[in-house]
Undergrad: 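My structure is below; once you've seen it, I'll send some questions.
When a ligand or atom number is given, it counts from 1 through the structure's own listing order. From a predicted model like this one, the values you see are computed outputs, not experimental measurements. Throughout, numbering of the chain's residues begins at 1 and tracks the sequence.
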Amino acid sequence: MTLTLQDCRDRDAEDPLRALRDLFALPAGQIYLDGNSLGLAPRATAARVAQVVQQEWAQDLITSWNKAGWVDLPQRLGNQFAPWLGARRDELVFTDTTSINLFKVLTAAARIAAEDAPARRRLLTERSNFPTDLYIAESVCAQHGLQLVLLEPEEIPAALDDQAAILLLTHVNYRTGAMHDMAGLTAAAHAHGILCVWDLCHSAGAVPIDLHAADADFAVGCGYKYLNGGPGAPAFVWAHPRVVNRCAQPLAGWFGHAAPFAFTPGYAPADGIQRYLCGTQPIISLSALQCGLDVFSATEPLGGMAALRAKSLALTDLFIALVEQRCAGHGLGLATPLAHEKRGSQVCLTRDEGLGVDGQGSGAYAIVQALIARGVIGDFRQGDGGVGRHKDILRFGFTPLYLGFEDVWNAAEQLRQVLESGEWREARFHQRQAVT
Ligand SMILES: *Cc1c(COP(=O)(O)O)cnc(C)c1O
């Protein structure tokens, strides 16, 4: 069946989540398909940050640590968002970055594994994991004498054996949008005595997650992608109650101490997830992040994550169908799985090598730049130039909080025009910027 613009408008009219877009500052004339990289600003954020700066800081100064509740903001935000991850009260904190939190939990997992099963020497992860995850894993392996094993997704089940200590996976792959079966892989890993660390950067706020049902050991994730916390927003860290107090995390700072304001010379970790805090927390950033988390609280009466997930799948299904119907014959392929249970909230298109200008490269970068010039904001992720299995990627994130079905229609239509006009071949679209 051929889809029409009117079909898309009808779907917007019926969308129970439609009003949520009013909670965001939507830049005029743009279709923002990069909420998986940097989420939009909630309208409430600017006023909240101004209040923190002008009142809590400028006027109330040091008293705000108590009076404005600065001192336990990481825990309060953790408690607010915990249900969205299937975590319980006092199990989650927002603090530091994903990279830093990953260093803490991988080190903790390495220490636990060294105690329980010293013969196990391998840390397993996916070759196409987000590079910072690989770099942190490399550094933890170097410090703990572990071997880092990089796997393709289909090699993971067979690699779960009694040589492996830790399995580190990102739930939704940043390049392809493919989603792992968290519960299934965790159960398979646990059957072999392997600790499981899940990175939820591309899943938190985007897909249903139940850390307790999956029985994960540790999890980390990002505050500035689907949680709309602002650039460099604090990330989160979670540890299952059975492991959280097994060891102190490696960055023993005073905010993770059992009694920070006792000012004792020796370190004694706090009970529970609070020990994963390190130094003084970024209150302005945490306050901005709270506005992002408040949006999720506002979706609860509208159906919460089930409604968000249903809309996200409808948006990505629609984009895949429209690209297939309207952009055929231009060398595009689909890197994102069609099966719903294997798809996150993004659609990643590939383009064959040799289709770029003068047969150089794939042209994917220039196509993304030409789309951006037309106000359709996606991004580009570099492939391996045809030597391996990774093609160049045109990446489009679909955030059900603020995108509509007509937006999806318009995005696919702009892509069609960019491809058919060949305007992406213009030299101005080939200039590489620092951030792609
Ligand atoms: C976005 C992302 C990160 C980012 O880590 P930072 O420490 O915030 O820079 C890490 N891992 C994955 C899988 C990501 O998608």
Side-chain angles (χ1 to χ4, degrees), residues 33-40 74 77 85 93-107 109 123-140 148 150-151 153 156 166-180 182 185 196-207 209 211 216 218-238 249-251 276-279 281-282 285-286 288-289 292 335-336 343-348 378-382 390 393 395-399 434-436:
L33 305 180
D34 225 351
N36 54 328
S37 204
L38 175 64
L40 282 184
L77 297 191
L85 301 177
V93 284
F94 280 89
T95 186
D96 297 329
T97 65
T98 300
S99 304
I100 293 171
N101 288 334
L102 189 59
F103 177 76
K104 297 175 203 165
V105 300
L106 280 181
T107 301
L123 192 164
L124 312 177
T125 191
E126 198 178 331
R127 185 182 305 278
S128 73
N129 202 341
F130 193 92
T132 201
D133 294 45
L134 299 178
Y135 306 154
I136 295 285
E138 219 177 90
S139 111
V140 171
L148 184 62
L150 303 183
L151 301 163
I156 295 169
I166 301 165
L167 175 64
L168 161 65
L169 288 176
T170 296
H171 186 214
V172 174
N173 185 281
Y174 80 106
R175 280 181 55 86
T176 62
M179 181 163 68
H180 284 299
M182 189 190 293
L185 281 166
C196 292
V197 177
W198 286 96
D199 184 327
L200 306 178
C201 278
H202 283 272
S203 13
V207 300
I209 297 164
L211 287 167
F218 295 96
V220 296
C222 188
Y224 53 80
K225 291 172 178 157
Y226 291 97
L227 303 190
N228 306 305
F236 62 82
V237 54
W238 174 86
Q249 56 102 347
L251 302 177
Y276 278 81
L277 302 179
C278 181
Q281 301 298 307
S285 296
L286 284 164
L289 170 63
T336 302
R343 190 192 308 161
S345 198
Q346 67 194 48
V347 176
C348 302
D379 61 25
F380 165 80
R381 289 294 175 262
Q382 176 111 30
H390 296 304
I393 296 257
R395 194 173 72 149
F396 303 101
F398 291 86
T399 308
V435 175
T436 61

Undergrad: I'd like to know if the side chain of T336 and the backbone of T176 have a donor-acceptor N/O pair within less than 3.5 Å.
TA: yes
Undergrad: Ignoring hydrogens and geometry, is there a side-chain-to-backbone donor-acceptor pair from D133 to P131 under 3.5 Å?
TA: no
Undergrad: With distance as the sole test, does N173 use its side chain to make a donor-acceptor pair with the main-chain N or O of S128 at under 3.5 Å?
TA: yes
Undergrad: Nearest to atom 15 (O) of ligand 1, what protein heavy atom do you find, and at what distance?
TA: K225 NZ, 2.5 Å
Undergrad: Considering both backbone and side-chain atoms of T132, is one of its nitrogen or oxygen atoms within less than 3.5 Å of a nitrogen or oxygen in ligand 1?
TA: no
Undergrad: Side chain or backbone, does Y174 bring an N or O within less than 3.5 Å of an N or O on ligand 1?
TA: no
Undergrad: Say whether D133, considering both its backbone and side-chain N or O atoms, lies within less than 3.5 Å of an N or O atom on ligand 1.
TA: yes
Undergrad: Within ligand 1, which atoms have a heavy atom of H202 less than 4.0 Å away?
TA: 15 (O)
Undergrad: With side chains defined as the heavy atoms from C-beta onward, is the minimum distance between T170 and E126 less than 4.5 Å?
TA: no
Undergrad: Applying a heavy-atom cut-off of 4.0 Å, say which part of C201 lies close to ligand 1: side chain, backbone, both or neither.
TA: side chain
Undergrad: With a heavy-atom distance limit of 4.0 Å, tell me whether T98 approaches ligand 1 through its side chain, its backbone, both, or neither.
TA: both
Undergrad: Can any side-chain N or O of Q346 pair as donor or acceptor with the backbone N or O of D34 at less than 3.5 Å?
TA: no
Undergrad: Test T98 against F130 for side-chain contact (heavy atoms from CB on, under 4.5 Å), laying out the working first.
TA: CA-CA 11 Å; T98 300; F130 193 92; over 6 Å; no
Undergrad: Quick one: nearest non-hydrogen protein atom to atom 4 (C) of ligand 1, plus distance?
TA: Y224 OH, 3.2 Å
Undergrad: Among all protein non-hydrogen atoms, which one is nearest to atom 7 (O) of ligand 1, and what is the separation to 0.1 Å?
TA: S99 OG, 2.6 Å
Undergrad: What atoms in ligand 1 come closer than 4.0 Å to a heavy atom of D199?
TA: 11 (N), 12 (C), 13 (C)
Undergrad: Look at the aromatic rings of Y174 and H202 and report parallel, tilted or perpendicular, splitting at 30° and 60°.
TA: tilted
